[in-house]
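Reading through the structure tokens given below for one structure.
All values below come from the heavy atoms of this structure, side chains included, with hydrogens, waters and symmetry mates left out.
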Amino acid sequence: MNPSTLRALNRAAELTRQNRLTEAMLIAEPVILAADFYEGEEIKAWLVSHVADFTGEHRKGND
């Protein structure tokens, strides 16, 4: 994944945890829409594996 895409996703996660969803979307949406097929797949995988980055919740144990 492009490093700038990863920075944008990380920043969007940080803003989401601060309840700043509109700002998070303004940062994440353009990079998601500009991604080609392969980077889009990487973004999807990253989002699935980093849900807790957006919610601030971390699962304990094997839940």
Gap separating the [atom1] atom of [X] from the [atom2] atom of [Y], nearest 0.5 angstrom:
{"X": "Leu9", "Y": "Ile32", "atom1": "CG", "atom2": "CD1", "result": "6.0 Å"}
{"X": "Leu47", "Y": "Phe54", "atom1": "CG", "atom2": "CZ", "result": "5.5 Å"}
{"X": "Asn2", "Y": "Ile43", "atom1": "CG", "atom2": "CD1", "result": "9.0 Å"}

| task | Would you mind listing every salt bridge (charged side-chain N to carboxylate O under 4.0 Å, His left out) that reaches into residues 33-42, with sequence neighbours excluded? | result |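 Salt bridge (charged side-chain N to carboxylate O under 4.0 Å, His left out) check on residues 33-42 returns Glu41-Lys44.
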
Q. Any idea which heavy atoms bring Ala8 and Val31 closest together, and the distance?
A.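 The answer is CB-CG2, 3.9 Å.
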
Quiz item: Between Ala12 and Ala28, which heavy-atom pair has the shortest distance, and what is it?
Solution: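 Nearest heavy atoms, Ala12 then Ala28: CB-CB, 3.8 Å.
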
Applying salt bridge (Lys or Arg N to Asp or Glu O under 4.0 Å), can you list everything that pairs with [X], at least two apart in sequence or on another chain?
{"X": "Glu23", "result": "Arg20"}
{"X": "Glu14", "result": "Arg11"}
{"X": "Arg17", "result": "none"}

* Would you call Leu6 and Trp46 a side-chain contact if the rule is heavy atoms closer than 4.5 Å? -> yes

Self-check item: Ser49: side chain to side chain donor-acceptor pair (under 3.5 Å) partners, not counting sequence neighbours
Solution: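 By the side chain to side chain donor-acceptor pair (under 3.5 Å) rule, Ser49 matches no residue at all.
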
Query - For Met25, the rest of its hydrophobic cluster, which grows through side-chain links under 4.5 angstrom - result: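 So far as hydrophobic clustering goes, Met25 is joined with Leu21.
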
